[in-house]
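In what follows, chains are A, B, ... by sequence order, proteins preceding strands, each numbered from 1.
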2 protein chains.
Amino acid sequence: MPNIHDIAKKAGVSVSTVSRVLNNYKYVSEEKRKAVQRVIDEWSFAPNRNAIGLIRGETRMIGVIMPYNNNQAFDQMLHGALNRSRELDYSVAVLPTKYDKNKELEYLYMLKNKWLDGVIITSRANDWEQILPYVEYGAIIACEFTEHPEIGCAYIDRYASYVDSFQFLKEKGHQAVAFTTARGWESKSTQQTIAAYENVFGAVPDRYFISDCYSFEDGYRAAEKLLGLSDRPTAIYANGDEVAGGMYRYAASAGLTIPQDVAILGQENQPIGVALDLCSVDHRLVQVGEQAFDLAVRRSRDKVNIPYRIIKRSSV
Amino acid sequence: MPNIHDIAKKAGVSVSTVSRVLNNYKYVSEEKRKAVQRVIDEWSFAPNRNAIGLIRGETRMIGVIMPYNNNQAFDQMLHGALNRSRELDYSVAVLPTKYDKNKELEYLYMLKNKWLDGVIITSRANDWEQILPYVEYGAIIACEFTEHPEIGCAYIDRYASYVDSFQFLKEKGHQAVAFTTARGWESKSTQQTIAAYENVFGAVPDRYFISDCYSFEDGYRAAEKLLGLSDRPTAIYANGDEVAGGMYRYAASAGLTIPQDVAILGQENQPIGVALDLCSVDHRLVQVGEQAFDLAVRRSRDKVNIPYRIIKRSSV
DNA sequence: ATGAAAGCGCTAACAA
DNA sequence: TTGTTAGCGCTTTCAT
């Protein structure tokens, strides 16, 4: 494989001239530029990206830290990031953690060893205290709101969204409302959901709250539990449309009518929700991913709020 | 940021010794090893990955070329690749093409400029003739069968699978069978579907074949068209469970009973299919992704067949 | 077991 | 406008 010296020699110029042609510098005579370009084409020369990364100290590569990649919500954010990466001519690395703290730190380490220019944290296992030391090495953008001024973020006002959702259910006449979340108390999103519930309905009855729901199957089982209660809820707020789909399926198989017997409210406006005509709170996660990517590229520390919306359908 | 020289100086050894410690070489006295390790820890030194990539000529990074990333089928393969990447301590870059030939070639170029050790092609826009020249620069693994001996692949016997599917429908008593595909005639998978159809049912009536179906909405519209026919099909074979879900939704809204009025057969065993109790042909795409990744890492040119299965549910 | 030194392939400051 | 040259940070002979 030829290197820049070979090209220079063959074209009868110096390596700097080749470099200038490669990087579209002005101050290169048309004559030499053509000569160099001819050799580059002829030998189909490709400048070594590691050498460039080494010297420039940047790789034009952004990492997306996500707990799971086959998850509707995270895939939407990844999708947003990929959209922008194409337009800005960056590459993206997918960094799945399964909420493993060490794995997450390993990924952050890739900023330090100059492999990544920045990372987008769609959801994290570590506390900010563990993460903050890495801001010195590259952009760290969160997909949640954080006070830390050194962390840029593209976020949703989740608390407001949850309050709105519960309020919406209440206005539809529901008093006995249950809900599910992905993670447990360690997750801020779970805490916010609970706080919003308390704001609207008061204390959360233990039996009306189920965590660790990720999939269709989890939703099915959650509904089984919830709807088997003697004082079963008249509405369920699911943490995602797939989970909501599982609930729908259980309810249907149990002979319950939706929304008369039980109302179901999902999240993220997924195809399965459209399929089942499920009412859903759309947090516009693709937009979150796009914004986060832009912030990462610009090494910005801005805090950008992304608006949500409730999509009304027949399940509530 | 300290480099290997700083570490060497501080530890009172040469750079080669530091390098040896970094790479776990034997023949380093326990004494020096400890001294070096102490400095590395103290300064939390991170060796520059670009320098290593430059010198070693490999990056432990594999790219996954995929037309769309928010697509059930491709996401499954990506998921498989990520599974293995974690275990083998590799990174993966997502390379979305939208079936743009130039973009695809740009990604292949990343092998040449030493950014990627290998790529997995989940689906391609270019002919093999365009792609083959790049095998010289890194592993190229396809997720489809190809004759070319220089291309390793993890593939499904799609033709057999399609024949089996149509046969299954036929055995259930269906004669008027329609089907959808993602891409048009340019796609081998479409061609194989058609060939399989002809094998089982004879010539394909134009009105029973609809291409460019990717999403739930596409499925909905396809069903609208198909079921509006005066001689409407009694069964539809959809190219994916989301598409099948859209068909289900249309059929339901049109007051048709499944499978009595129309049977629906999907693909890839997705949550939406489980939700709607849709019969589905599972091509085990996660396994395909896993296998492809292993082949890429091993720079293997093996051809590995992944078995499929029909999951029987109430929609047929 | 350890170190000196020659690169890996490129960019950019400096000189001309 | 062009060339010379000194690195970027690391690995790896080759001596010792």
### Message
Looking at every heavy atom in both B:Met66 and B:Asp75, which two are closest together, and how far apart are they?
### Response
CE-OD1, 3.7 Å
### Any residue of residues 4-16 of chain B with a heavy atom less than 4.0 Å from an atom of DNA chain D
B:Ile4, B:His5, B:Ser16
### Query
B:Trp43 has an atom CH2; how far is it from atom P of D:dG9, in whole Å?
14 Å
### Query
Between D:dC8 atom C1' and A:Asn3 atom CG, what is the distance in whole Å?
16 Å
Test: [X] and [Y] ion pair at under 4.0 Å:
X        : Y        : result
A:Glu87  : A:Arg84  : yes
B:Arg183 : B:Glu186 : yes
B:Glu104 : B:Lys101 : no

Distance test, side-chain N/O of [X] to OP1/OP2 of [N], below 4.0 Å:
X       : N     : result
A:Lys32 : D:dG3 : yes
A:Tyr25 : D:dT2 : no
A:Thr17 : D:dT1 : no
A:Lys26 : D:dT1 : no
B:Asn50 : D:dC8 : no

### Query
Per the atom types in the model, does the base of D:dG3 pair as donor or acceptor with the side chain of A:Arg20 at under 3.5 Å?
yes
### Task
Please answer whether the main-chain N or O of A:Tyr25 pairs with a side-chain N or O of A:Asn23 as donor and acceptor at a distance below 3.5 Å.
no
### Task
Quick one: which residue pairs count as a salt bridge (Lys or Arg N to Asp or Glu O under 4.0 Å) with a foot in residues 134-146 of chain B, not counting sequence neighbours?
B:Arg124-B:Glu144
